[in-house]
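It should be emphasised that the depicted structure is a prediction, and the values quoted were computed from it without experimental measurement. The sequence lines fix the lettering, A, B, ..., with proteins before strands; numbering per chain opens at 1.
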Amino acid sequence: MLTIKQITDQKEAVIAGLKKKHFADAEAVIDQILAFNDKRKKTQAQLDDQLAEGKKAAKQIGMLMKQGKQEEATAIREKVAAYKESNKELEATMNQAEQDMKELLYTVPNVPHESVPEGRTEEDNVVERQGGDPASLPENALPHWDLAKKYDLIDFELGVKISGAGFPVYKGKGARLQRALINFFMDEAAKAGYAEVEVPYLVNEASGYGTGQLPDKEGQMYHDAQDDLYLIPTAEVPVTNIYRDVILDESQLPIKNCAYSACFRREAGSYGKDVRGLNRLHQFNKVEIVRIDTPEHSYESLDEMISHVEGLIEKLELPYRILRLCSGDVSFTSSITFDFEVYSAAQERWLEVSSVSNFESYQANRLKCRYKGKDKKATLCHTLNGSALALPRIMAAFLENHQTPEGIVIPEALRPYTGFDIID
RNA sequence: GGAGAGAUGGCAGAGUGAUCGAAUGCACCGGUCUUGAAAACCGGCAAACCGAGAGGUUUCGGGGGUUUGAAUCCCUCUCUCUCCGCCA
């Protein structure tokens, strides 16, 4: 969430940013937040004064009692007892104001970075650059679901039998290809200096709030009510929560972590061609990269992450483009996001395979992830993350783009991982 | 799943009703000394909120209660450890 300091210090800029993100009633909401904050501050000042007096009196009573002056002590005691009621009231008022403020603050999205283009929908996203050759497929090219069947790589029906739609079973060279891609991505991340972590797939409520999945996307996560745990929709959640309630030393930054995990998403409300084949699944594999950085350096980190992801796609020899998301398409918690899409010639559409974002201090504020520099002051970090990469659509584009009459040709970079150079 | 013990500052660890935001040790930072370092000595060293500042308030796992006053007593939740059972 935004910090109160951000809102008070740069009120106009925050409102302008929210408007750019098409957040309704930006002024009214911000004013309301500030009003709650004022109320909180005023009440706390009053409460502090009264508590201070109470504390003094209590000490006095202690001293008098020791000296055996019972009557004097009793007199003060009665006086102090009267405070108790009004203290309770003040405290309740203060807590209410703070809670009101927080609840409202939770509904306010992050402010977009100045370089984020104005726009409402994905139509308004800006293509940064493009790579590879999107139009090199033969006329009779098959979509990946047909290829998966032809070469017996993925069994969607079997997944339906075991679990339901959106839970495919990978078989033979298909399963091997998944594992090869995961290992390839992890090794590339390690080479780029990301420290590998393996994290839980089930997280508690606090972690859900920490990265902003809760309360915003409650319905998107699988929830185990018995133990009140959530299945992770991305490794971002457990990995970033490593740094919840942590004060880092500036010398540790930037922190660079990578993690492989299975990801689970309910994807309620999806339909049609969006869910065909591997396009949208309830369970899928992903390698995630996460960075914690200083505000001064976070945009440099963002550039490095973009280059890293771009390098992966190039090594897989897939046609791609990088989009700078417009203000209306940037996610709730993100300040700036670049989407990577690979082209699926057989489906004649672009498939999103990665999303690289800088959350600035929005996520860190909820996480209470701070660092101390030379000035010894705890400052909120910037957090960033990106997929590097999500497997299913890479797999889809991979099968479609590398299909030849002889079979699916494995690009050079991946052959050490697959152990074969063609699927036929 | 059953029984018991525990949770205090970066770490270790005292503290069982007021003098405790908290002894002591280690770590860390600054200084003296030294050509430099080590040792020794001196000083500093938690966070959040309010305040221009002085200063004030809150926090001893979380929440609630008793009391004029709670790290300390009571209730409750969470977590950790030990023993037993079960088990990849």
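To the nearest whole angstrom, the two C1' atoms, one in B:A22 and one in B:A14, are 10 Å apart. For the C1' atoms, the distance from B:G17 to B:G55 is 28 Å, rounded to whole Å. When the C1' atom is used for both B:A23 and B:U16, the distance is 15 Å, rounded to whole Å. Across the C1' atoms, B:A71 and B:G6 are found 15 Å apart, a figure rounded to whole Å. The P atoms of B:U8 and B:A3 are separated by 25 Å, rounded to the nearest whole Å. For the P atom pair drawn from B:A46 and B:C11, the interatomic distance equals 14 Å after rounding to whole Å. As rounded to the nearest Å, B:C28 and B:G10 have C1' atoms that lie 9 Å from one another. Between B:C60 and B:G64, the distance separating the two P atoms is 12 Å to the nearest Å.
Taking the side chain of A:Ile61 as heavy atoms from C-beta on, and the options B:C50, B:G69, B:A18, the nearest nucleotide is B:A18. Side-chain proximity of A:Ala52 to the nucleotides B:C50, B:U68, B:G56 is greatest for B:G56. Checked against B:A46, B:A48, B:G69, the side chain of A:Ala378 finds its nearest nucleotide in B:A48.
Residue A:Ala73 is out of contact with every strand shown, counting any heavy-atom pair closer than 4.0 Å. The residue A:Leu51 sits close only to the backbone: its heavy atoms come under 4.0 Å of sugar-phosphate atoms, none of a base. Using a 4.0 Å heavy-atom distance criterion, A:Lys42 is classed as making no nucleic acid contact. Looking at heavy-atom distances under 4.0 Å, A:Met65 makes contact with a base.
At least one side-chain nitrogen or oxygen of A:Lys41 sits closer than 4.0 Å to the OP1 or OP2 atom of B:G51. Phosphate contact (OP1/OP2 of B:A48, side-chain N/O of A:Arg370, threshold under 4.0 Å): present. For B:C50, the OP1/OP2 oxygens have a side-chain nitrogen or oxygen of A:Arg40 closer than 4.0 Å. Here A:Lys55 does not reach the OP1 or OP2 of B:A18: none of its side-chain N or O atoms lies under 4.0 Å away.
Rounded to a whole Å, the CG atom of A:Asp49 is 14 Å from the C1' atom of B:C49. Distance NZ (A:Lys59) to P (B:G17): 18 Å, rounded to an integer number of Å. As rounded to whole Å, 12 Å separates atom P of B:G51 from atom NZ of A:Lys5. The distance from atom NZ of A:Lys56 to atom P of B:G56 is 8 Å, rounded to the nearest whole Å. B:A46 atom P lies 19 Å from atom CG of A:Leu248, rounded to whole Å. What separates CE of A:Met101 from P of B:C50 is a distance of 9 Å, to the nearest Å. With rounding to whole Å, A:Asp48 atom CG is found 6 Å from B:G56 atom C1'. Remark: P of B:A18 and CD of A:Glu72 are 22 Å apart, rounded to the nearest angstrom.
With hydrogens and angles disregarded, a donor-acceptor distance shorter than 3.5 Å links the side chain of A:Gln403 to the backbone of A:Glu400.
In this structure, A:Leu399 and A:Leu177 have side chains that are in contact, with non-hydrogen atoms separated by less than 4.5 Å.
Nucleotide B:U66 forms no Watson-Crick or G-U wobble pair with any nucleotide shown, as no partner meets the under 3.5 Å limit on both distances. For B:U80, the paired nucleotide is B:A5, the pair qualifying as Watson-Crick or G-U wobble because both relevant distances are below 3.5 Å. The partner of B:G36 cannot be assigned: no Watson-Crick or G-U wobble pair with both contacts below 3.5 Å exists in any strand. Across every strand in view, B:A54 sits unpaired, with no contact that passes the Watson-Crick or G-U test at under 3.5 angstrom. Applying the Watson-Crick and G-U wobble criteria (two distances, each under 3.5 Å), B:A22 pairs with nothing in any strand. The nucleotide B:A71 finds no pairing partner, because no Watson-Crick or G-U wobble arrangement with both distances shorter than 3.5 Å includes it. Applying the Watson-Crick and G-U wobble criteria (two distances, each under 3.5 Å), B:C41 pairs with B:G31.
Salt-bridge formation is detected for the pair A:Lys191/A:Glu188: a Lys NZ or Arg NE/NH1/NH2 atom is positioned less than 4.0 Å from an Asp or Glu carboxylate oxygen.
Side chains of A:Gln6 and A:Glu360: no donor on one and acceptor on the other come within 3.5 Å. Between A:Glu118 and A:His22, the side chains place a donor N or O and an acceptor N or O closer than 3.5 Å (distance only, hydrogens not considered).
Residues meeting the side chain to side chain donor-acceptor pair (under 3.5 Å) test with A:Glu310, sequence neighbours left out: A:Arg129, A:Tyr320.
Map A:Gln44 and A:Gly62 each onto its nearest nucleotide of RNA chain B; the residue landing nearer the 5' end is A:Gly62.
A side chain to side chain contact (heavy atoms under 4.5 Å, CB included) with A:Cys381 is found for one member of A:Leu248, A:Asp293, A:Ile247 and no other, namely A:Leu248.
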inquiry  = Would A:Arg393 and A:Glu341 count as a salt bridge (Lys or Arg N to Asp or Glu O under 4.0 Å) here? Give the steps.
reply    = CA-CA 9 Å; A:Arg393 294 183 197 149; A:Glu341 297 184 333; over 6 Å; no
